[in-house]
Amino acid sequence: MKKKGKVVVIMGPTCSGKSKLAIDLATHCPNIEIINADSMQVYHGLDVLTNKVPLHEQKGIPHHLLGTVSPSVEFTAKEFRDSAIPIIDGILSRDCLPVIVGGTNYYIQALVSPFLLIDTAEDFNDSLQNEPPSGDEQNDEGSEFQRNGFNSYDYLKQLDPVAANRVHPNNHRRISQYLSLHARCGILPSKLYQEKAAENWGRIDDCRYDCCFICVDAAIPVIDQYVGQRVDCMIDAGLLGEVYDVYNPHANYSRGLRQAIGVREFDDFLKAYLLEDMIDKASHSKDESLFLVSPNKNKMLKEYTKEILCFSDDDKAKILLAEAIDKVKLNTRRLVRRQKRMLTRLTTLFGWNIHYVDATESILCKSDESWEAQVVRPAVEIIRSFLSGEECSEVASDASDSARIRLIERNLWNQYVCKACGDRVLRGAHEWEQHKQGRGHRKRISRIQKSQQHNLKCSQAERIENLCYEV
């Protein structure tokens, strides 16, 4: 049996210092090559916004899949896996150590696991590519429905309501996959996922590599504070200019680089102030060139946005820009929490053996000595033990079986709707239970209960008054 190649995976929430740790490891572990696993940093452009490591800070360490993908395409988890595997194999063939770095956990799952939940239909279709289509397959359901002008999502709801509940109506790519799967094989997507995916998604007991998982973590209040500081630094470094360069009033924010936090948030501000003059001029003229921005005008607009907060007399502009910056900070903090929850699930539900190193103190005090002592050195010791064979990265069978049982019990296909929280949709009993325990949900329930008690008292008082009146 061929021995699996050893791979180090550095995970963790955004702003925790994953990229810095990967580069610092090279001082202690030579022959390292880094593979980016951040779903926004893979795209070319928005270097400040996506916080790519500048070339001069890479210290000569080879970086792969960093800013190499066209910003207009959708780089899926499967495409990441298909791109990363030959890179890893090439690194291993040079007797170097591949280090995967990123906060996009689905990318990492796709890479190290033999099975990924969200790629099931795609993988299933791939397995049938070489089979000759039958007569029934000549008319693909999804494409035929779209050609006739029907709504594919409505058709999916009729065909498989359970699967429709698991996909957003605007996720046309996934809807097409579901319909194609049914057209080619006659299998309902929900049936395939419930019977196969729920038992396998997230498993790494048959991992394609021998992996050492290291998570750079920190206390949420400390990361929250650092997020605010980092966004302010990004503004000073030209974030607004980058966003302006990709701005389009009719942009699709669900594909490619425009999905990045920090793009959509400035839409209202840019729409109101940066294109206002051009739209006004164009409305009085048929000259299409008025929609084009000259380089000088472009530079002026970028400088204008950077100085609005400090020097502009336009209160509305200040408010819109301040709100946009606050949204970037808020959504980044929300991302931190989602990433931390996902890491917890990988450990508790799927039995991943993740080694945690705590960066709280080094982030809080901004101390290089603390970073070296509490983050770099522990990570180096973990890696050395792993490379020497002292650390077993495989998951024990009992733990793996237990994780699968808990996953099946979770039933990811159940949908819950919280009326108290504005019809928020939760997927699976596990997510629903977590939501009910959240402080925001409990506060809303408390307010509703108090309101109901108040209304009950008022109605009782009204009945008493009516009785008195009748007497």
Side-chain angles (χ1 to χ4, degrees), residues 7-69 71 84 87-88 91 94 96-104 107-108 214-218 222-223 225-243 245 257 260-262 328 332 335-336 339 357 359-380 383:
V7 175
V8 173
V9 181
I10 299 180
M11 313 168 74
T14 189
C15 295
S16 60
K18 300 180 295 294
S19 299
K20 177 177 172 57
L21 173 60
I23 292 172
D24 288 347
L25 288 176
T27 305
H28 305 271
C29 306
N31 300 323
I32 279 178
E33 294 192 31
I34 295 173
I35 302 173
N36 167 57
D38 184 290
S39 62
M40 293 297 104
Q41 291 185 0
V42 296
Y43 292 108
H44 173 71
L46 294 183
D47 292 355
V48 173
L49 178 63
T50 58
N51 200 37
K52 292 188 183 76
V53 179
L55 185 62
H56 68 275
E57 293 182 10
Q58 295 176 13
K59 298 181 179 179
I61 303 169
H63 280 64
H64 304 274
L65 295 179
L66 185 65
T68 59
V69 179
I87 294 174
I88 293 174
I91 295 172
R94 295 189 290 273
C96 294
L97 178 64
V99 178
I100 315 298
V101 183
T104 304
Y107 272 18
I108 294 171
I214 299 176
C215 174
V216 186
D217 202 6
V222 174
I223 295 184
Q225 180 181 356
Y226 183 61
V227 164
Q229 296 170 354
R230 194 167 88 169
V231 171
D232 291 337
C233 291
M234 287 178 173
I235 296 293
D236 294 337
L239 182 151
L240 289 166
E242 285 189 343
V243 174
D245 285 338
L257 187 56
I261 294 175
V328 175
T332 305
L335 173 63
V336 168
Q339 291 170 324
V357 290
T360 300
E361 184 176 330
S362 61
I363 294 175
L364 190 61
C365 64
K366 300 178 181 178
S367 167
D368 292 337
E369 291 79 9
S370 176
W371 172 261
E372 177 69 22
Q374 299 187 14
V375 179
V376 178
R377 289 178 189 169
V380 169
I383 293 172

TODO: Please list, chain by chain and in numerical order, all residues satisfying side chain to side chain contact (heavy atoms under 4.5 Å, CB included) with S39, sequence neighbours excluded.
DONE: T104, Y107

Task: Close side-chain approach of V375 to S362, heavy-atom, < 4.5 Å - done: yes

Open item on the list: Which residue in the set V216, L21, T360 passes side-chain contact (heavy atoms from CB on, under 4.5 Å) when paired with S16?
Closed with: V216

Open item on the list: Are I35 and I88 packed together at the side-chain level, in the sense that at least one heavy-atom pair is separated by less than 4.5 angstrom?
Closed with: yes

Open item on the list: For P54, give me all partners under side chain to side chain contact (heavy atoms under 4.5 Å, CB included), at least two apart in sequence or on another chain.
Closed with: H56, E57

Open item on the list: If I compare all heavy atoms of I261 with all of V328, which pair ends up nearest, and what's the gap?
Closed with: CG2-O, 3.9 Å

- [ ] Please check if atom NE2 in H28 has more than 12 non-hydrogen atoms from other residues, nucleotides or ligands closer than 6.0 Å.
- [x] yes

Task: Donor-acceptor pair, side chain of N36 and main chain of L65, under 3.5 angstrom - done: yes

TODO: Return yes if some donor-acceptor pair links the side-chain N/O of Q41 with the main-chain N/O of T50 below 3.5 Å, else return no.
DONE: yes

Task: For W371 against K20, the heavy-atom pair lying closest together - done: NE1-CE, 3.4 Å

TODO: For E242 and G45, indicate whether the former's side chain and the latter's backbone hold a donor-acceptor pair under 3.5 Å.
DONE: no

TODO: Quick one: closest heavy-atom pair of S370 and S367, and the distance?
DONE: N-OG, 3.1 Å

- [ ] Looking only at non-hydrogen atoms, find the nearest pair between G262 and L49 and report the distance.
- [x] CA-CD1, 3.7 Å

Open item on the list: Contact between L239 and V48 at the side-chain level, heavy atoms closer than 4.5 Å - yes or no?
Closed with: yes

Open item on the list: Could you measure the distance from the CD1 atom of I383 to the CG atom of L97? Nearest 0.5 Å is fine.
Closed with: 6.5 Å

- [ ] Could you please spell out the steps behind the side chain to side chain contact (heavy atoms under 4.5 Å, CB included) verdict for E33 and R94?
- [x] CA-CA 10 Å; E33 294 192 31; R94 295 189 290 273; 2.9 Å; yes

Task: OG1-OH distance between T68 and Y43, expressed to the nearest 0.5 angstrom - done: 10.5 Å

Open item on the list: Between the side chains of K59 and D24, is the shortest nitrogen-to-carboxylate-oxygen separation below 4.0 Å, so that they form an ion pair?
Closed with: yes

TODO: Show your working on side chain to side chain contact (heavy atoms under 4.5 Å, CB included) between L66 and V42 and close with a plain yes or no.
DONE: CA-CA 5 Å; L66 185 65; V42 296; over 6 Å; no

TODO: Heavy atoms only: give me the nearest C15-V227 pair and the separation to one decimal.
DONE: SG-CG2, 3.6 Å

Task: N/O donor-acceptor pair under 3.5 Å between K18 side chain and I10 backbone - done: no

Open item on the list: Are Q339 and T14 packed together at the side-chain level, in the sense that at least one heavy-atom pair is separated by less than 4.5 angstrom?
Closed with: yes

Open item on the list: Could you work out, with side chain to side chain contact (heavy atoms under 4.5 Å, CB included) as the rule, every residue matching I61, not counting sequence neighbours?
Closed with: I23, A26, I32, I34, H63

Open item on the list: Applying side chain to side chain contact (heavy atoms under 4.5 Å, CB included) to I91 and V7, what does each step give before you reach the verdict?
Closed with: CA-CA 10 Å; I91 295 172; V7 175; over 6 Å; no

TODO: List the steps, then state whether side chain to side chain contact (heavy atoms under 4.5 Å, CB included) holds for D217 with V357.
DONE: CA-CA 6 Å; D217 202 6; V357 290; over 6 Å; no

TODO: Check whether any side-chain heavy atom of Q58 lies under 4.5 Å from a side-chain heavy atom of K52, and answer yes or no.
DONE: no

Task: Shortest non-hydrogen contact between L25 and A379, atoms and distance - done: CD2-CB, 4.2 Å

